[in-house]
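Since the model is a prediction, treat every value here as computed from it, not as a measurement. Each ligand, and each atom within it, is numbered from 1 in the order the structure gives.
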Amino acid sequence: MSAICLIRKFSMKSPSRFHRSLLFSTFSKESPPDLARNASIRRPYSSSISGQRFVSPSIWRFTQPNWISEKTRSISVFSIRDFSTSIETIATDKSFERIQVQSGLIVEKIHRNEEETLDESVSKIDVKEIEKSGDEIVETIIGGKVREESEAEKEAWRILENAVVRYCGSPVGTVAANDPGDKLPLNYDQVFIRDFVPSALAFLLKGDGDIVRNFLLHTLQLQSWEKTVDCYSPGQGLMPASFKVRTVALDENTTEEVLDPDFGESAIGRVAPVDSGLWWIILLRAYGKITGDFSLQERIDVQTGIKLIMNLCLADGFDMFPTLLVTDGSCMIDRRMGIHGHPLEIQSLFYSALRCSREMLSVNDRSKDLVRAINNRLSALSFHIREYYWVDIKKINEIYRYKTEEYSTDATNKFNIYPEQIPPWLMDWIPEQGGYLLGNLQPAHMDFRFFSLGNFWSIVSSLGTPKQNEAILNLVEAKWDDIIGNMPLKICYPALEYDDWRIITGSDPKNTPWSYHNSGSWPTLLWQFTLACMKMGRPELAEKALALAEKRLMADRWPEYYDTRSGKFIGKQSRLYQTWTVAGFLTSKLLLANPEMASLLFWEEDYELLDICACGLRKSDRKKCSRVAAKTQILVR
Ligand code: GLC
């Protein structure tokens with residue numbers, strides 16, 4: 001029997017960043033799925049990454065495993081979430097996790113029994129069936145698909161393992177890049193929240209949940225950090241872009257490891273990473289779905305973390321639209337590229353984070369208003385994107401014939417788009433079949449560039465209608481040479497050139513045309529593309545792209561990005577051994593090999609949401625709601 005103790009103090013004060021980092025040294029040890037919740041799901045067969053799995057080649061036999069360290073630790077942590085005195089459900093299985101309140105302190109005790117040492121010699125992916133009998137969960141292979149790993153996959157796993165960052169002995173994330181030749185790693189030696197997502201999925205799909213659980217809990221602690229740029233603080237709930245494990249001297253003889261987050265105060269451009277919190281929520285759901293350990297998302301601190309992110313996103317402002325208003329560089333494209341306003345990438349991540357939160361938040365008196373706000377926003381956001389962001393040949397022709405300066409509530413050209421704004425390249429480029437969602441929409445401005453991540457994630461999260469989702473993949477197929485080319489996948493298409501490059505990027509030498517964020521090709525995007533293709537029943541498209549990548553990635557030493565119109569060259573300033581390149585490749589492989597797992601990671605159309613209409617709720621006596629008028633064309637087609 002081993003145990004871990006976690007003590008949280010109630011405090012109204014937030015300690016300084018440094019002190020705070022000293023206060024929570026080791027938060028949790030390796031924590032595998034709460035298997036008691038997992039009896040009905042199927043899991044992939046797994047070998048060990050960290051040497052701590054508990055599987056055998058033909059049968060999984062779980063007793064309550066020993067995934068908690070021998071040591072018992074007491075840690076004090078001050079944070080916003082500690083202000084709550086409520087202790088809701090933390091775990092369903094009492095023998096797995098218990099919480100007590102003792103004189104102003106929450107003392108959380110987690111007990112686990114010893115684990116069996118099991119064989120970990122097989123590293124293939126099999127589909128298994130899980131049965132629960134008494135205290136044991138028995139998993140057997142059912143028609144197991146045994147797949148040999150290619151040389152590239154084997155090397156990718158080695159690189160991914162080497163990229164693992166440990167904090168007080170526990171794996172907590174992966175560094176962005178591990179390029180031995182890089183003399184100036186800048187912040188590429190940090191764990192980026194967004195970069196870790198494909199690593200996390202690769203680990204989860206291989207059966208290793210520990211690193212993901214640790215990552216989720218540690219980044220949760222960072223969420224309530226003090227953060228200021230020149231005496232100004234962003235809203236509570238912001239998640240960092242990245243963090244680093246530093247060793248600091250406590251005195252002459254003792255050192256301590258601390259986590260040092262970057263919320264944008266050190267980042268190039270000083271931009272707050274809006275996508276981090278959204279990815280955190282998406283990963284939290286994925287962790288629950290794949291491992292079956294729902295106790296993590298039920299914890300009070302985790303529930304508070306979700307609420308803080310949602311409150312920040314749903315805060316009232318001056319907005320007229322349900323889309324999230326952000327500055328340039330607040331997502332994967334983290335420097336100036338003219339995507340400030342309402343970029344599609346943020347909207348699609350926002351939409352899926354809303355859907356995840358709706359699924360994970362426990363509904364009670366304190367959360368019911370937030371849940372209502374989430375439902376209303378989901379409904380308004382999907383309508384707005386489906387109706388106003390969608391372009392295909394027919395819509396472009398409509399815009400081409402738009403009348404402008406329409407002053408009325410029922411204008412056709414609501415955003416006052418001047419037809420001259422349609423870029424000449426688009427007229428020739430748009431295929432007869434297919435369409436896509438615009439990169440951005442503002443008054444008198446449509447960004448007609450095709451942004452891959454936003455479009456793929458709209459498919460995955462069902463932000464687009466089923467027909468739109470299908471049409472996006474048709475467009476990729478029709479424009480294969482432009483979007484996939486020699487190396488999948490273009491981050492956006494086409495590049496900003498000449499004066500556009502000079503004015504919009506601020507003459508950024510890293511973002512020259514057809515390089516880096518300015519239409520460079522990013523192999524990490526393969527995993528989102530794969531998921532989108534699988535959801536739409538077109539895995540062959542993903543397989544084709546993956547085969548192209550596999551031909552070059554290992555030989556090219558896993559670059560961060562590729563340059564040129566067709567993705568022919570390794571990027572000018574591209575890091576080598578970039579972790580999310582490696583992880584994106586592995587995750588795509590694992591998803592394709594295991595469609596049942598993939599299906600846990602995407603969302604189908606939610607017809608309930610389509611019926612929610614905020615105007616109706618407010619009994620507005622305005623003219624007929626435009627949503628009702630549009631319903632038959634946009635929502636259900
Ligand atoms: C670059 C990318 C960003 C990524 C970071 C670390 O800044 O633009 O999306 O998170 O590198 O890989």
### Task
Classify the ring geometry between W522 and W580 as parallel (under 30°), tilted (30 to 60°) or perpendicular (over 60°).
perpendicular
### Reference residue Y493; test ring-ring contact (aromatic ring centres under 6.0 Å, His included); the match among F451, W429, F450
W429
Find all protein N or O atoms under 3.5 angstrom from an N or O atom of ligand 1 and list the pairs with distances, or write 'none'.
residue  : atom   : partner : partner atom : Å
ligand 1 : 7 (O)  : D334    : OD1          : 3.1
ligand 1 : 7 (O)  : D334    : OD2          : 2.7
ligand 1 : 7 (O)  : Y516    : OH           : 3.4
ligand 1 : 8 (O)  : M332    : O            : 2.9
ligand 1 : 8 (O)  : D334    : OD1          : 2.9
ligand 1 : 8 (O)  : H517    : NE2          : 2.7
ligand 1 : 9 (O)  : M332    : O            : 2.7
ligand 1 : 10 (O) : R194    : NH1          : 2.9
ligand 1 : 10 (O) : D195    : OD1          : 2.6
ligand 1 : 11 (O) : Y188    : OH           : 3.4
ligand 1 : 12 (O) : D195    : OD2          : 2.5
ligand 1 : 12 (O) : Q578    : NE2          : 2.9

### Query
In terms of the angle between their ring planes, are F192 and Y188 parallel, tilted or perpendicular, with boundaries placed at 30° and 60°?
tilted
### Query
How about S461 and S352: does a side-chain donor come under 3.5 Å of a side-chain acceptor?
no
#### Entry: Check: Y562/D556 side-chain N/O donor and acceptor closer than 3.5 Å
yes
### Query
In terms of side-chain heavy atoms, does Y389 have a donor or acceptor partner in Q347 at a distance below 3.5 Å?
no
